[in-house]
Amino acid sequence: MGEKEKTKQKHKDRPKAWELIRPLLRKYVFQDLWILVPAILAGAVAAAAGGYGLPFIIKAAFPIVFGEEELPPAVEEWVRSTFQPENMRLVKLWLAALVIPLLMILRGLGTYVNSYLLVVVGTRMLRRMWGDVFSRIQTLSFSFFDRHKRGELMTVIIQFTQNVQNQMVTIMNDLVIQPLTLVFASCYLVYSSLTSRESAIFLGNLLAVAMVVPLVRFVGRQMVRRMQQALAGIQQITAVVEETLSAQREVRAFNMEENRTNELSRLISSFNTRILCVAAWSLSLPSMVEVLSAFALSYSLYRGCGGGLTMEQFAAIATAFYFCYDPVKRIGAVVNQTQIMAMMIDGINRILHAKDETPDPEQPKELPSPVRGEVDFEHVHFAYTQGKPVLRDVNVHVPAGQIVALVGPSGSGKTTFINLICRFYDVTSGAVRIDGVDVRDITSRDLIAQIGLVSQFSALFHDSIMENIRVGRPDASDAEVMAAGASARVSEFADGLPKGYHYELSESGGGLSGGQRQRVSIARAFLKRAPILIFDEATSALDMKSEALVQESLEELARGHTTFIIAHRFSTIRMAQRILVFEEGKIIADGSHTELYEQCALYRSLYDEQVRSAAEQEREVTS
């Protein structure tokens, strides 16, 4: 199958716009029917005032203004009894002339109320949609994030949702007022044709409205095809910006500024080309409709004048025709906007309806109380990608309270081993158990409550040191937080900061050194006091002095807890009671340092390499 056939099949398999929009309306819009109904009624008033009222008033008022007809009998009698005869002409003129602005005030009020209430509905929809998307994305498995770039997800969460809200408000506004305006204007044309034989010729022009439908569909298809490419371009641009901002040290260290700028410029240039194509097709539709309506109106003028049509009749009918063709033009734009909005909803649905690959069990089991922290791997196999195993038949029993180090070359399966304990992924086969209970039978919240994690790059939030530590246990008191901070040696630097523990950190823990950030992360684990602890390269990014301070905190924290340590620096695993050696997804050796150094060639080579590297670093420092 060629590229064109694949693209066509992809478009064919894509859900129809209405199939995507209908659930969204039901979930996010129809909850506010108490706001939506008054908005529709206000829109109906505006449509009636414009589509039927304005042509009718023009036909009735013009003859009075130009002195050809009298006011309606009741009004004529009231004027004669109220005003002097010499002022009659002026009064009639003012009364007839004021009807049009009064009608437009009514139309303007209806339009304003309709538009404002729909904006209220739209903002409430956006709030719910943001909440659902953000909540959902935090429950998806790590494999979902492996398949999607963060920049793409940010585009969907922030930009797509906001664009859907804006498009929805515009579409609902036009779908209320424009069709009703078309109906009322058409009703006036029918009424005029029934009451005036000269006006009947104009009814034939309504057939020209039907000619617009294939035009709208053709333009819509062209826009959708190009808008899909433009939306993909937005996601690529966001991904590049996010990558560049999050890797500023690497960008500058390797003089990549020009490279990143050129890449972004290329993507922006491509995006601009695509969006200009969208704009060209979008803007062409109104012009096409206007040209078509102009030809139809000119023909009607020619035929009408030959049939004895008066000026006021033609002015009224021309106004009605404007209110017929203008809604068609706007509805055509709505159809195209609907297609574009459906594509964005499809992107949002890819998050909302993404398959949860680590779902909570329907009938969860509870861990024994108190949790001891015993961990078992039973014939565990795992692969991130089918056919490419990362762990192969791993069997290991870790008693409660034991400190275990995981060593091995990069890519040998150490981090995957840890991820399976946390159930960030599910095993391909076999089982991981905590105190005899399969982790797949425990809810994610209950499982993570038993695990304390200290990673290489600990995430700190734009908040105080106090609140960053409280992440470990949100219900902890200030005294408990400060006690955990003291155990992790946070107090040694926090007491010297303005406001102490209430010192506000900038984004990603800015304002603290690497060692200080790690100690805050360790304080979280002290506060949580989970029976299972995981130190994932917790000191690899630190200098020797900071590592020594953090290492003391880690040793104190690990006492009495089942602890897993991943580290390339062997100095970090000196407190381990047991060492597991990984190679190509298998545990090839298990024992103490002395046993492994004698019996395992891989362990011995890794250890000797570390000793040589440490000696070289020490010589460099002393020299």
Side-chain angles (χ1 to χ4, degrees), residues 14-43 46 110-138 140 148 150-179 220 223-224 226-235 237-238 241-242 271 274-275 278-279 282 330-354:
R14 188 183 297 275
K16 301 292 185 183
W18 180 242
E19 294 175 6
L20 292 167
I21 295 172
R22 183 172 52 198
L24 183 137
L25 289 172
R26 193 162 48 239
K27 186 173 183 180
Y28 297 114
V29 176
F30 291 163
Q31 292 187 33
D32 292 320
L33 279 176
W34 61 281
I35 304 175
L36 201 57
V37 170
I40 292 172
L41 293 176
T111 302
Y112 173 79
V113 172
N114 168 264
S115 300
Y116 180 78
L117 291 180
L118 289 179
V119 169
V120 172
V121 172
T123 53
R124 291 167 66 89
M125 178 191 81
L126 180 62
R127 183 183 66 188
R128 296 188 191 105
M129 194 157 47
W130 264 343
D132 286 351
V133 173
F134 196 63
S135 297
R136 177 59 177 162
I137 206 165
Q138 293 182 88
L140 293 174
H148 297 84
R150 283 188 295 178
E152 293 176 358
L153 295 175
M154 287 170 63
T155 301
V156 173
I157 295 169
I158 298 172
Q159 192 165 348
F160 278 22
T161 51
Q162 198 157 24
N163 286 348
V164 165
Q165 181 249 353
N166 292 334
Q167 297 272 21
M168 183 64 75
V169 170
T170 302
I171 289 170
M172 287 192 298
N173 195 337
D174 284 339
L175 284 182
V176 171
I177 293 180
Q178 303 307 328
M223 281 184 58
V224 167
R226 287 157 178 79
M227 195 62 191
Q228 287 171 343
Q229 298 171 343
L231 291 177
I234 292 173
Q235 291 180 315
I237 290 169
T238 307
V241 171
E242 192 277 331
F271 170 75
R274 293 166 180 171
I275 209 69
V278 173
S282 175
R330 291 174 180 266
I331 291 170
V334 164
V335 172
N336 297 332
Q337 286 175 334
T338 301
Q339 296 291 335
I340 294 170
M341 183 175 71
M343 287 188 291
M344 295 184 184
I345 293 173
D346 191 34
I348 294 169
N349 284 343
R350 292 178 191 277
I351 294 177
L352 289 176
H353 302 147

query = Do you know which two heavy atoms are closest between N163 and M344, and how far apart they sit?
reply = CB-SD, 3.3 Å

query = Can you tell if the side chain of L24 reaches within under 4.5 Å of the side chain of I348, non-hydrogen atoms only?
reply = no

key: Exercise: identify the closest heavy-atom pair between G110 and A46   = C-CB, 3.9 Å

request  = Using modelled atom types only, decide if a donor and an acceptor are shared between the side chain of R136 and the backbone of A354 within a distance under 3.5 Å.
outcome  = yes

query = How many angstroms lie between CZ in F160 and CG in D346, if you round to the nearest 0.5 Å?
reply = 9.5 Å

key: D32 and M125, any side-chain heavy atoms less than 4.5 Å apart   = no

remark   = Smallest heavy-atom separation, A342 atom then L20 atom, equals O-CD1, 3.3 Å

inquiry  = Measuring only between side-chain heavy atoms, which start at C-beta, is V156 closer than 4.5 Å to R350?
reply    = no

key: Spacing of W34 atom CH2 and L117 atom CG [to the nearest 0.5 Å]   = 9.0 Å

query = Of all heavy-atom pairs between V169 and G122, which one has the smallest distance, and what is that distance?
reply = CG2-CA, 3.7 Å

ask   = Side chains of Q165 and T123: closer than 4.5 Å at any heavy-atom pair?
value = yes

ask   = Can you find a heavy atom in the side chain of L36 that is under 4.5 Å from one in the side chain of L118?
value = yes

query = Looking at L126 and T161, what are the two nearest heavy atoms and their distance?
reply = CD1-O, 3.5 Å

task = Answer whether the closest heavy-atom distance between the side chains of I21 and M168 falls below 4.5 Å.
result = yes

note = When rounded to the nearest 0.5 Å, the distance separating CZ of F134 from CG of L153 is 11.5 Å

query = What is the distance from atom CG of N114 to atom CE of M172, rounded to the nearest 0.5 Å?
reply = 9.5 Å

query = For Y28 and L352, which heavy atoms make the closest approach, and how far apart are they?
reply = OH-CD1, 3.9 Å

key: Sub-4.5 Å side-chain heavy-atom contact between I35 and R124   = yes

